[in-house]
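Structure, as structure tokens:
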Amino acid sequence: MHFIESWFGNPLWRKELRQRMRSGRTVLAMSLYLFVIGTVAFVFMYVNVQGQTLLLQPTRTAELFMFLSYLQLAMISFVTPGIAAGAISGERERQTLAVLLTTPLSPASIIVAKFISSISFLLLLIVMTLPLYSIVFLFGGVVPSQVLAVFGLQSLTLGTIASVSVFWSTWLRKTGWSTVLSYATVAMVFLGSAILGYFLDDLANHSPDQGIITWVSGLCYSMNPIYMQASLEATLGFITPAFHQPAVASVFSIVTTHDLSSSISWLFFLVVYGFGSVILLVTSIWRLRPGGWIVLKKRVIKWLLR
Amino acid sequence: MIRTENLCKRYGKFEAVHDLNLDVRPGTVFGFIGENGAGKTTTLSILATLMLPTSGRAFIGSAEVTSEPATVRRLIGYMPDVFGVYDDLTVREYLGFYGTAYEVPSTVMEARIQELLQMVNLDERADAYVNALSRGMQQRLGLARCLMHDPPVLILDEPASGLDPRSRIEMREIIKGLRGQGKTILISSHILPELADMCDEIGIIKRGELVACASVEVVTARANGQRQMCLEVLENGDSLAEWVNRHPLVTDIVASNEQKVELLFAGDDLDQADFIRQLLHEGYLLTSFHEVGGSLEELFLHLTKEEHRLDQETAAAKQKI
């Protein structure tokens, strides 16, 4: 109970939320996002039913769900670094960090408050779209547990991207550089893992160690939220007409070939994203602690020499 | 209340602070003077737990800054030389945020904010956004922020820098008021006459070393038409102290021991010559006589003159190259 009170009572988090929600840009961003997602959903439905609601089939609804969820994943990937990359460097640039560090707020509580306030807004954007998803429920084809599974994956992806951004923001003095490196890291994970996986697959075809290389390429794909979301949707039985389109089919084909729905792939994804986020946040806390990095280096050297 | 023991801070080969020994007594306002880059801000940052010293120790009360930073943070209110504010908060929200961060009980929070806003003359702007305040007002708000948790120690780094004369006077009056409340204040400033007005003691730092440290009376005595003189005798220093204390032109005894007496003398050169003649006539075996002190600015210029000359020579040499 005390833990919950202490976190909800974290003054920095409350201040951040107050500042963010007070801004006119926030209201505009939320309205714009809802408008875009809503328009996409309604246009999609209109094109499919052509004015006759009864024509909407559950498979089509599942397709709409897939489309919306990928749109949401893209939004998370693009917006999160923009919001979280200024978490600490922004305080440094505003010259408010020194004062903050002389308060009893520990570096851990500062980093966690910044992290939570960064993801809170994006989680709010995701939650805001739930009424649109309820349209999907209305026509069938998708059940709430499937939506929750996809939201869970997206929340973990969001948390990891936010922790990457907070990490860069703590290490770099300028928000500009921290934003660039955050986007670069996200691009490396999304594109790099896919390209590396594709390259390894190609290599495996001409190698005697095909099994090992294919296994490694499977791990590469497992690090990519696009493929993992596809694996989730494949597991949940979304066999829709979109599945047969070339681009979508290639994603689902990789999911099937490498068995990304397997518990090994999911374990790898959860470990990399979960532990990765924790490691990045802990490193950021050390970095923020005055002289913390020097202390950490000394301890590592001492440990190595032991 | 504030103490450093052989404090050192190095950045690579550059030594910003070298063997600094400070001792600021409780309830004292201590002025910290030095040129840009002398090591003032580094020292204050170490005391504020923002930086680790390379060697040596620093204490606030009995808490050591590197091993007990959490305790130190509750004991100090720190105002850096340049600091930002959260523009999109109101003055009341800004102080409320720091009050919560310092765990000020919610039952007394509002009263505390009101009291501080009245103290810094911002009570009428309590609901204004911070970005609507002038620089001077923001600086006063920063001081109020330092006081939210009612700390016994204040560390103020150039609190009046960049302020117009009126704001500087207001800031000075507030700090004088805090001195009246018994706070221990360590303040750095470039505006030396103001420091002389506010401080009980002065420390001058030059290239990371404390080169002078004395009460303001001592260093400003000469500026007030008095001279601080140091007499050294072979013996009978105590009776000499009694004798000089009875002299009509001696206004105060600053320090005395068996062989040395430091005094404040309110006379001109002729009076001084007559004073020495009387002293010798009384039979004291005088071994040394010299003047010490001067106005704060004179003392500061004197102590930093050599450094300034070296800097100019270096700059000239660089230009030639």
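A quick note: this is a predicted structure, and the numbers were derived from the prediction, not measured. Quick note on labels: first sequence line is chain A, next is B, and so on, each numbered from 1.
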Among A/L100, A/L105, A/T102, which residue has the highest count of heavy-atom pairs closer than 4.5 Å to chain B?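 Among the listed options, the one with the most contacts to chain B is A/T102.
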
Shortest non-hydrogen separation from A/L101 to B/R73 and the atoms involved: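 Result for this residue pair: O-NE, 3.1 Å.
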
Any residue of residues 84-115 of chain B which, by heavy atoms, sits under 4.5 Å from chain A: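 The list, in residue order, reads B/G84, B/V85, B/Y86, B/D88, B/L89, B/T90, B/E93, B/F97, B/Y98, B/T100, B/A101, B/Y102.
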
Considering only heavy atoms, give the residues of residues 128-148 of chain B separated from chain A by less than 4.5 Å, sorted numerically, with 'none' for an empty result.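 Residues in range: B/Y129, B/R145.
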
Measure distances from A/R289 to the heavy atoms of chain B and classify the residue's part below 4.5 Å as side chain, backbone, both or neither.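 Neither the backbone nor the side chain of A/R289 comes within 4.5 Å of chain B.
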
Interchain contact, A/E93 with chain B, by part (heavy-atom threshold 4.5 Å):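 Neither part, no heavy atoms under 4.5 Å.
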
Other residues, nucleotides and ligands only: do more than 12 of their heavy atoms fall within 6.0 Å of [atom1] on [X]?
X      : atom1 : value
A/F67  : CZ    : no
A/W177 : CH2   : no
B/Y11  : OH    : yes
B/K176 : NZ    : yes
A/R22  : CZ    : yes

First locate atom CG of A/L97, then atom CG of B/L50, and finally report the distance between them rounded to the nearest 0.5 Å.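 So the CG of A/L97 and the CG of B/L50 are separated by 8.5 Å.
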
